[in-house]
2 protein chains.
Amino acid sequence: MTTTAHTGACPSGDERVMLVGLLFETNARLSRALGAELEESCDLPLPWFDVLLQLRRADEGHLTMSQLADATVHSTGGTTRLIDRIEAAGLVARQSCPTDRRAVHVAITVQGNEKLNEALEAHLVHLECRVADRLTKSERATLTELLTKLKGDD
Amino acid sequence: MTTTAHTGACPSGDERVMLVGLLFETNARLSRALGAELEESCDLPLPWFDVLLQLRRADEGHLTMSQLADATVHSTGGTTRLIDRIEAAGLVARQSCPTDRRAVHVAITVQGNEKLNEALEAHLVHLECRVADRLTKSERATLTELLTKLKGDD
DNA sequence: GACAAGTTATTGCATACGCAACTAATATGT
DNA sequence: ACATATTAGTTGCGTATGCAATAACTTGTC
């Protein structure tokens with residue numbers, strides 16, 4: 001009797017299973033490529049870029065650690081360490097929240113803003129080859145719509 | 001003079017930047033949720049599930065380490081350790097390749113096959129809520145098509 | 001106003017992963 | 001044929017991250 005096998009009639013090729021597999025793979029390849037390119041051109045890790053972007057988009061110009069953790073889909077513990085590193089590099093600053101002494105506001109610094117501008121400029125170039133050359137504007141709109149639905153609210 | 005700022009006219013809201021951000025976020029939330037559910041119901045980490053799935057889909061019933069690394073989008077070093085763990089659990093087996101003595105074939109074991117069947121069954125239930133409830137069959141087909149284009153060949 | 005229960009952030013610990021260096025085997029070019 | 005280049009896999013090392021426990025604070029209830 002052999003110790004291995006590759007039979008099995010289970011739906012390993014099921015359309016939905018394939019779809020999420022494809023989503024995971026596409027994300028992995030794209031984030032790997034874009035992350036390497038961003039690191040190469042700007043010396044900025046992708047997770048740092050994500051943090052800076054979330055902060056710039058924030059209404060008041062700052063977010064709490066929890067909000068940032070949720071926005072970047074990290075644990076709060078991971079976010080603490082991530083912000084530690086970005087803050088040590090001078091790109092963001094922690095500030096005490098005036099209305100809740102447990103909370104910490106994270107804001108982007110002037111230096112962080114400059115870095116983000118530089119990174120966005122490079123990122124857009126990379127996106128040209130990796131995204132715009134592969135999907136038309138209307139396909140991108142459709143994809144945005146479908147991903148928004150898929151993401152859900154949780 | 002303040003040390004922080006949140007101004008900046010750069011295209012942080014650019015349609016393409018938003019799209020890849022959405023892709024990353026959707027992937028993170030979905031893989032976190034599905035991974036936790038799979039771990040909960042089958043005690044199987046998502047990366048292990050991915051490996052087993054890739055092996056079952058492989059033509060000959062086995063893949064080399066390099067093929068597996070590419071299929072799962074990991075480094076070869078990471079794949080070595082990953083297979084170490086899955087092999088220690090008895091779900092896959094390394095075999096020497098008859099035609100190339102550098103290469104190692106990885107095959108799914110009987111036990112791995114059973115585990116995969118169990119996991120697929122559970123996974124399909126989870127996909128029902130997380131995917132099928134959010135996208136119609138035709139939307140899923142469109143999404144598959146767009147992601148395939150976006151993934152590219154690299 | 002005091003206490004219980006929930007929330008916010010940080011820390012210790014464990015682990016998974018990538019990179020670069022290395023070894024072994026194979027392919028290529030002259 | 002032999003030297004060189006290429007490829008396959010493993011290992012050492014560094015690091016990023018999640019989980020669970022903890023401390024500080026807030027909120028709701030009586």
Side-chain angles (χ1 to χ4, degrees), chain A residues 24-25 27-40 43-51 62-89 91-107, chain B residues 24-25 27-40 43-51 62-89 91-107:
Chain A
F24 293 171
E25 185 188 348
N27 171 81
R29 292 200 192 282
L30 202 57
S31 71
R32 162 180 287 197
L34 289 173
E37 286 165 353
L38 194 63
E39 187 100 43
E40 168 83 22
D43 207 33
L44 188 73
L46 201 52
W48 295 31
F49 177 69
D50 191 21
V51 165
H62 54 74
L63 293 173
T64 66
M65 296 296 289
S66 299
Q67 290 172 326
L68 207 42
D70 181 64
T72 59
V73 196
H74 281 108
S75 66
T76 64
T79 301
T80 292
R81 307 285 170 62
L82 179 57
I83 294 304
D84 283 349
R85 296 189 294 271
I86 308 180
E87 187 175 32
L91 304 183
V92 303
R94 274 184 240 240
Q95 301 168 337
S96 53
C97 171
T99 63
D100 185 341
R101 285 164 43 192
R102 291 169 305 181
V104 172
H105 281 338
V106 183
Chain B
F24 293 170
E25 185 188 347
N27 171 81
R29 292 200 192 283
L30 202 58
S31 70
R32 163 180 288 198
L34 288 173
E37 285 165 355
L38 193 64
E39 186 100 44
E40 169 81 24
D43 207 31
L44 188 73
L46 200 49
W48 295 31
F49 177 68
D50 191 21
V51 166
H62 54 74
L63 293 173
T64 66
M65 295 297 288
S66 299
Q67 290 172 326
L68 206 42
D70 181 64
T72 59
V73 197
H74 280 109
S75 66
T76 64
T79 301
T80 293
R81 307 286 170 65
L82 179 57
I83 294 303
D84 284 348
R85 296 189 294 271
I86 307 180
E87 187 175 31
L91 304 183
V92 303
R94 274 184 241 240
Q95 301 168 337
S96 53
C97 172
T99 64
D100 186 340
R101 286 168 26 185
R102 293 169 302 180
V104 172
H105 281 336
V106 183

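In the text below, chain A, chain B and the rest are named by the order of the sequence lines, each starting its count at 1. Both backbone and side-chain heavy atoms feed into the values below; hydrogens, waters and symmetry mates do not. These numbers come from a predicted model, not from an experiment.
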Please state how far atom CG in B:Leu63 lies from atom C1' in D:dG9, giving the value in whole angstrom units.
15 Å

Just how far, in rounded Å, is C1' of D:dT10 from CG of B:Leu82?
14 Å

Is there side-chain contact between A:Asp70 and B:Arg29, with heavy atoms separated by less than 4.5 Å?
yes

I need the minimum non-hydrogen distance between B:Ala28 and B:Ser31, along with the two atoms involved.
O-OG, 3.4 Å

Distance in angstrom units between A:His74 NE2 and D:dC19 C1', rounded
15 Å

Are any of B:Arg101's side-chain N or O atoms less than 4.0 Å away from OP1 or OP2 of C:dA24?
no

Contact summary for B:Met65 and B:Thr80, nearest pair of heavy atoms:
CE-CA, 3.5 Å

When you check every protein heavy atom under 4.0 Å of nucleotides 2-12 of chain C, what one-letter string (B, S, -) results, 5' to 3'?
----BBSSBBB

Bend angle of the helix from C:dG1-D:dC30 to C:dT30-D:dA1, end axes from five pairs each (to 10°):
30°

Could you check whether any side-chain N or O of B:Glu25 sits under 3.5 Å from a backbone N or O of A:Val73, counting only pairs where one atom can act as donor and the other as acceptor?
no

Using whole Å, report how far CG of B:Asp50 lies from P of C:dC17.
11 Å

Under 6.0 Å from the CD atom of B:Glu39, do we count more than 12 heavy atoms belonging to anything else shown?
yes

Working to the nearest 0.5 Å, report the span between CZ of A:Phe49 and CG of A:Leu34.
9.0 Å

For the pair made of CG in A:Leu46 and C1' in D:dT15, what is the distance, rounded to whole Å?
16 Å

Give the rounded distance in Å between these two atoms: CD1 of B:Ile83 and C1' of D:dT11.
16 Å

Residue whose closest nucleotide on DNA chain C lies nearer the 5' end, B:Arg85 versus B:Thr99:
B:Arg85

Quick one, B:Leu44 and B:Leu91 - any side-chain contact, counting heavy atoms below 4.5 Å?
yes

For the residue pair A:Ala69 and A:Ser75, what are the closest heavy atoms and their distance?
CB-O, 4.0 Å

Please check this pair: side chain of A:Gln67 against backbone of A:Thr64, looking for a donor-acceptor N/O pair closer than 3.5 Å.
yes

